[in-house]
Amino acid sequence: KTDIVDFFKLDKEKFRIFVTPYTDQMFNIRYFAETIKETGVKYDEFAMDVKDILFTNYNMVHHIFHGNGYDPIKIKEQDKYLYLLRKQGNPSKTNMLSLLNIKYVLSYGDLGKTFQKVMNKINIAYPVKIYKNERYLQRILLVDKIKRVKNEEEAINIISKDQFDPKNEVVLSEKVDIKKDRQHFEIGNAEITDYKNEKVTIKAHMLKEGIMVLLDSYYPGWKVYVDNLEEKIYKANYMFRGVKLKKGEHTVTFLYILIT
């Protein structure tokens, strides 16, 4: 383990990390070779420092979630989402980073005011800073406002704009009727009680009817059960999972069943 891994392990929330595109480009194979030659350090020492940046898939060893997902099973929606996010340059321009449940960003360069620097790590390979995303979103969102769209292109156009507020609204392509309740301003609260690769269990207390959005990828094979009854998973906010919940106490279980 490294100092950066230890830092992330202290945070007990469910969150993801993100490495800025520029930082990814900085530490390519050619850079590694040139740095080893210039510094004279042993490869093993250098390799340990490089692991600090937690490139995609390295994070899995330490059970740290990465916004890039896992390379071999990326889906087309995720690829397009990440492409648009990187294309923005400044990740603070929209809520796209936050929608990925990104709490910490690793960066070679300085980031804007939306990010608070929480660690400055200088080692043999590179200087890297860790920033906390001040617009960070919990992995579960409860909303009762729906933006209906005709297709995926319209969906991603909406969520990629700064005006979109994922804490209060959800983008869906399918029609879902939600009962209006003007007595309660708050929708309720929800907590993840169990989180595994193939099963996620959530306890929800709903003050009124609404949509629960789990900021995990919508992917074939996932099913959802509300109080042991199977319900429909909606593709929410272009690439995430949503389920309709009625007023009251609920146990929600997302279960992955391998498609053969």
Side-chain angles (χ1 to χ4, degrees), residues 1 5-18 54 59-70 73 75 78 95 97-104 132-133 135-146 166-170 172 176 178-179 181 184-259:
K1 289 197 299 183
V5 170
D6 288 339
F7 173 80
F8 289 143
K9 287 290 189 179
L10 289 173
D11 192 325
K12 302 305 179 184
E13 286 191 313
K14 292 285 184 295
F15 64 88
R16 294 186 175 93
I17 65 168
F18 185 74
L54 293 172
N59 55 294
M60 297 183 68
V61 176
H62 304 291
H63 303 287
I64 295 170
F65 297 95
H66 200 301
N68 282 346
Y70 178 56
I73 56 172
I75 55 177
Q78 185 181 15
N95 284 304
L97 193 73
S98 301
L99 262 176
L100 286 172
N101 183 227
I102 304 295
K103 189 172 185 178
Y104 298 105
K132 182 180 177 182
N133 179 15
R135 295 165 77 170
Y136 160 71
L137 295 173
Q138 299 280 345
R139 196 163 293 190
I140 304 171
L141 303 173
L142 299 177
V143 300
D144 64 347
K145 295 177 183 177
I146 297 172
K167 290 187 289 187
N168 292 303
E169 58 189 351
V170 60
L172 299 175
V176 183
I178 299 293
K179 291 180 182 178
D181 183 345
H184 297 94
F185 179 75
E186 297 290 334
I187 300 173
N189 56 73
E191 178 187 10
I192 296 175
T193 57
D194 188 35
Y195 194 96
K196 296 184 176 71
N197 289 339
E198 298 176 351
K199 184 180 180 181
V200 180
T201 304
I202 301 162
K203 294 287 185 181
H205 172 64
M206 302 294 290
L207 296 173
K208 58 182 177 179
E209 202 167 85
I211 302 290
M212 172 192 286
V213 180
L214 175 65
L215 298 182
D216 283 352
S217 295
Y218 181 96
Y219 194 81
W222 280 100
K223 294 183 179 294
V224 66
Y225 298 85
V226 179
D227 304 324
N228 296 318
L229 296 176
E230 186 174 355
E231 298 290 348
K232 180 178 177 60
I233 297 180
Y234 294 95
K235 184 183 280 191
N237 296 338
Y238 181 68
M239 59 168 280
F240 303 100
R241 295 179 223 158
V243 59
K244 178 181 174 180
L245 295 180
K246 295 180 180 178
K247 181 178 178 179
E249 305 285 335
H250 301 288
T251 299
V252 181
T253 304
F254 287 90
L255 188 65
Y256 181 74
I257 298 174
L258 185 64
I259 299 175

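Atom set for the values below is all heavy atoms of this structure, side chains included, hydrogens, waters and symmetry mates excluded. Position 1 is the first residue of the sequence, and the numbers go up from there. Fair warning: this is a prediction, and the values are worked out from it, not measured in the lab.
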| query | Just wondering, more than 12 heavy atoms not from N228 lying within 6.0 Å of its CG? | reply | no
| task | Could you tell me the separation between the CG atom of N197 and the OH atom of Y256, rounded to the nearest 0.5 Å? | result | 11.5 Å
| Any chance NZ of K132 has more than 12 other-residue heavy atoms, nucleotides or ligands included, within less than 6.0 Å? | no
| note | side-chain contact (heavy atoms from CB on, under 4.5 Å) with V213: of L172, N237, V243, only one passes, and it is N237
| remark: Of all heavy-atom pairs linking E230 and K223, the shortest is OE2-NZ, 3.5 Å
| query | Taking D194 for the side chain and V200 for the main chain, is one N or O donor matched with an acceptor at less than 3.5 Å? | reply | no
| message | Tell me which one of L141, L100, N101 satisfies side-chain contact (heavy atoms from CB on, under 4.5 Å) with F240. | response | L100
| task | Just do the side-chain contact (heavy atoms from CB on, under 4.5 Å) check on V224 and R241 with the steps written out, would you? | result | CA-CA 10 Å; V224 66; R241 295 179 223 158; over 6 Å; no
| note | What one should report as the nearest heavy-atom pair of E13 and Q138 is OE2-NE2, 2.9 Å
| What class does the angle between the rings of Y104 and F7 fall in, given that below 30° is parallel, 30 to 60° is tilted and above 60° is perpendicular? | perpendicular
| field | Nearest-0.5 Å distance, NZ of residue K14 to CD1 of residue I192 | value | 6.0 Å
| message | Give me the atom names and distance for the closest heavy-atom approach of N133 to I102. | response | ND2-O, 3.1 Å
| request: Quick one: closest heavy-atom pair of A204 and M212, and the distance? | output: CB-CE, 3.7 Å
| said: Main chain of T201, side chain of T193: is a donor-acceptor contact present, judged purely on distance under 3.5 Å? | reply: yes
| query | For atom CD of E249, is the number of surrounding heavy atoms from other residues, nucleotides or ligands below 6.0 Å larger than 12? | reply | yes
| task | Take D144 and E209 through the test side-chain contact (heavy atoms from CB on, under 4.5 Å) and record every step on the way to the result. | result | CA-CA 7 Å; D144 64 347; E209 202 167 85; over 6 Å; no
| note | Taken to the nearest 0.5 Å, the spacing of E191 CD from I202 CD1 works out to 10.5 Å
| query | Is the closest basic N to carboxylate O distance between E231 and K244 below 4.0 Å? | reply | no
| message | If I take atom NE2 from residue H205 and atom NZ from residue K247, how far apart are they, to the nearest 0.5 angstrom? | response | 9.0 Å
| Which atoms form the tightest heavy-atom contact between G188 and L142, and what is the distance? | C-CD1, 3.6 Å
| message | Show, in sequence, the C-alpha distance, side-chain angles and deciding distance for K199 and L255, and conclude whether the side-chain contact (heavy atoms from CB on, under 4.5 Å) test is met. | response | CA-CA 5 Å; K199 184 180 180 181; L255 188 65; 4.0 Å; yes
| query | Is the backbone N or O of R135 less than 3.5 Å from a side-chain atom of S98, with the two atoms forming a donor-acceptor pair by type? | reply | yes
| request: Please round to the nearest 0.5 Å and tell me the distance separating atom CG of N95 and atom NZ of K167. | output: 8.0 Å
| Does Y195 have any ring pair (Phe, Tyr, Trp, His ring centres under 6.0 Å) partners at least two apart in sequence or in another chain, and if so, which? | F65
| query | Which heavy atom of V143 sits nearest a heavy atom of P166, and at what distance? | reply | CG1-O, 3.6 Å
| message | Distance check, rounded to the nearest 0.5 Å: L215 atom CG versus I140 atom CD1? | response | 9.0 Å
| message | Strictly distance-based, threshold 3.5 Å: is any side-chain N or O of R139 a donor or acceptor partner for the main-chain N or O of L214? | response | no
